[in-house]
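Structure first, commentary second.
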Amino acid sequence: MSVAYSQQGSVAVLTIDNPPVNALSVAVRQGMIDGIERAIADPAVAAVVVIGKGKTFIAGADIREFGKPPQPPRLSVAIAALEASPKPVVAAIDGVALGGGLEVALGCHFRVATPRAQVGLPEVKIGIVPGAGGVERLPRVAGLEAALKMIVSGDPARAPQAAKLGIVDAVVEGDLLTEAVAFAQRVVAEKKPLRRLREVPIETGGKDWRALLASARATAAKQTRGQISPQRAIDCIENALTLPFDKAFAETARIIGELIPSEQAKALRYAFFSEREAAKLPDIDASVQAKPLTAAVIGAGTMGAGIAMCFADAGTPVQLLESSAAALDRGLARIDGLYAEMVQKGRITPEDKAKRVELIAKATSYDAIGQADIVIEAAFEEMGVKKEVFAKLDRAMKPGAVLATNTSTLDVNEIASATKRPESVIGLHFFSPANVMRLLEIVRGAKTAKDVVATSQVLARRIGKVGVVCGVCHGFVANRSRGQLTREANFLVDEGALPHQVDKVLYDFGMPMGPFAVADLAGIDVSWRVRRSQDATRPKDLRYSPTADRVHDAGRLGQKTAKGWYRYEPGNRAPLPDPEVEAIILQSSRDQGITRRPISDDEILARCLYASINECAKILEEGIALRASDIDVMWLYGFGFPRWRGGPMYYADTVGVAKVYDAVREFHRQHGKLWEPSPLLAKLAESGKTFTGR
Ligand code: 3H9
């Protein structure tokens, strides 16, 4: 039964029952129509409550139905039936009312919600627009400005905020169904007029709607650069303002009809499901119990401080350990400064700051953290240091504690060997800045126990990260594959391109920054140190670009010295091309005996991206990543790869694996060994298959 019909006194109750999230599959749509018709026809029924079974009202249209031939009845027909009811219809919202779920609620005459409920129209995030009346009705209930913000960002509002905006009529404590039925009975008793939102005018709050729309367009163009759906949603809102309800609705239906099969929407749906898939591991099911999660972090440097902030931001207490009180104070001062910046920017209140700072407890001895359930080491990136720390942790931590290392390159198995409990050791690789970037690479060592992996996944969720599990190799999945992009970017500069040309191509593709701007942000000395650590093992016959070393040796360490691959004006992070760097580059090309040539944007894009894709394929065939989609999730959350392109693996599928393979073979011919094609890439290309099943 997708919609159960029952009665409480004179109130009919339609209970949406479509686990796990009450998505609006065809049976639910039909069930709502049948239910409302039955209630209208029954003289013993005076009002109707629509409620979701379980912890969710309705998560929206069934995204799995998109791209398949639509099956009647349409959602809008079911919603129209609710709205047209001559008997009052009350939506009772717990959990989430998202997308079509909120649209159902807005079709009802009244809405009551629990305090924890959330309502929103996240359609733009999956590349479409709200297509069942949300665009037209939300501005009518919440006013133009608030609706514009919610629809264009796709972000939900919590019940108290929704009540302030008028989206929810009452926030109720206690049993939701009881309260909703009582609310419905009051509506009947007080003969309250039924509020059909289609009949309500849109309030602009006295503001010029054209200016509001223009500003929303500009914000969306910045925040979701390259993505079509937010702009199309604004088109729909403009129609809602200028056309009669039904005409505007028909236009929205046309627009969503175009968007659903679009490449962007397909990629965004793929990203949605990939993210959920990444949480599933074939050998770890619900029977593997995660451990509790009191946490400690070792090292109050940039990374350690950022990791501690992740816990504090999630409202979870954390201990921060440093070897000396002075180092600890420096770390805490850094944290204080970062929170102060957030207060200044209006992102958190001074009270939030105080609460968060208070959640970070000081520790200067291993004994002090011994009872933590999970400890994350963020000490200096050097094997000797790591092993020393882990030997100490082995002695200090209680049995069963998870011992995690935040290494970005070192062998987790070797680190684990410094303990007598390698089964408790795991890599938890945060991305910089740790309190901002959402990827958490969960690196499973050869001996890591299943419950340690499961605990790390739970931890990731708890602190708002997207955890993706992978195996051990140098650089793990994300940095190893991204490293190839940087490699080619450097070679391209040696061959004739300039940093700003390379960066522009990747920025225009949709990356948040190009590789040279990233290098300046991260610090040229950081990558210089990594290269030095590889000098002894780097095969002599491999091509190596000395240019980045020369930039480093010229004292250009990036943004921190106001010069790196670019120069920077005081107080400004905008990268400016610098003739001094150009001179270094030209000299480096000459010294390498390279005759510089004009390099096309197409070549830049292909070399940078295909180098990474080829490496991703190697990572997949080595079994370091479980699925192509896991790699994509890592790039989306670790490097800001444009979500509407799905990720590098999905992108390779859209280009065509055979085309990518041909290009890789050609680059191999031209540039040699580093372009050795991945056998998996070759196999897929030759058999006409894809990485992602696209
Ligand atoms: C829409 O409504 C268009 C309309 O305007 C009408 C147009 C005509 N469909 O995330 P979780 C699955 S567009 C199908 O792990 P949580 C999900 O894949 C829709 N399946 O749980 C997963 O499956 P599995 C607008 C869905 O508690 C399982 O449910 N709505 C849908 O962390 C559990 O999900 C959205 O975009 C769906 N709509 O978070 C909301 N939603 O177990 C999308 C979820 O096989 N959903 N599943 O992996 C969400 O944001 C979160 O899933 C939610 C729950 C907050 C609901």
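One-based numbering, in listed order, for ligands and for the atoms of each.
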- [ ] Quick one: do F509 and Y651 satisfy ring-ring contact (aromatic ring centres under 6.0 Å, His included)? Show the steps, please.
- [x] CA-CA 11 Å; F509 174 79; Y651 174 71; 5.0 Å; yes

TODO: Start with the C-alpha gap between S274 and D632, add the side-chain angles, then the distance that decides, and say whether side chain to side chain donor-acceptor pair (under 3.5 Å) holds.
DONE: CA-CA 8 Å; S274 298; D632 282 338; 5.8 Å; no

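With a heavy-atom cut-off of 4.0 Å, P20 touches ligand 1 through its side chain alone. Residue-level proximity to ligand 1 for V21 is carried by the side chain, the only part with a heavy atom below 4.0 angstrom. The proximity of L121 to ligand 1, defined as any non-hydrogen pair under 4.0 Å, does not occur for either the backbone or the side chain. Looking at L24 against ligand 1, nothing comes within 4.0 Å, counting heavy atoms. Residue contacts with ligand 1 for K280 involve side-chain atoms from C-beta outward but no N, CA, C or O (heavy atoms, distance under 4.0 Å). Residue contacts with ligand 1, taken as heavy atom pairs separated by less than 4.0 Å, involve E103 solely via side-chain atoms from C-beta onward. Contacts between P122 and ligand 1 below 4.0 angstrom, taking non-hydrogen atoms only, involve the side chain exclusively. The proximity of R269 to ligand 1, defined as any non-hydrogen pair under 4.0 Å, does not occur for either the backbone or the side chain.
Between L440 and F430 there is a side-chain heavy-atom pair separated by less than 4.5 Å. Looking at V466 and M634, their side chains never come closer than 4.5 Å, going by heavy atoms from C-beta outward.
Inside a 4.0 Å radius of atom 30 (N) of ligand 1 there is at least one protein heavy atom. In this structure, atom 39 (O) of ligand 1 is not in close contact with the protein, since no protein heavy atom lies within 4.0 Å of it.
The N/O atoms of F273, backbone and side chain alike, include none that comes under 3.5 Å of an N/O atom in ligand 1. Residue V96 has no nitrogen or oxygen atom sitting less than 3.5 Å from a nitrogen or oxygen atom of ligand 1, judged on distance alone. Checking only distances, A59 does come within under 3.5 Å of ligand 1, N or O to N or O. Ligand 1 has no nitrogen or oxygen under 3.5 angstrom from a nitrogen or oxygen of F66.
Residues passing the side chain to side chain contact (heavy atoms under 4.5 Å, CB included) test with A84, sequence neighbours excluded: none. Here A184 pairs with V11, A47, V49, V90 under the side chain to side chain contact (heavy atoms under 4.5 Å, CB included) rule; sequence neighbours left out.
When each of R137, R195, R196 is checked for a side-chain hydrogen bond (donor to acceptor under 3.5 Å, both in side chains) with E83, only R137 meets the rule.
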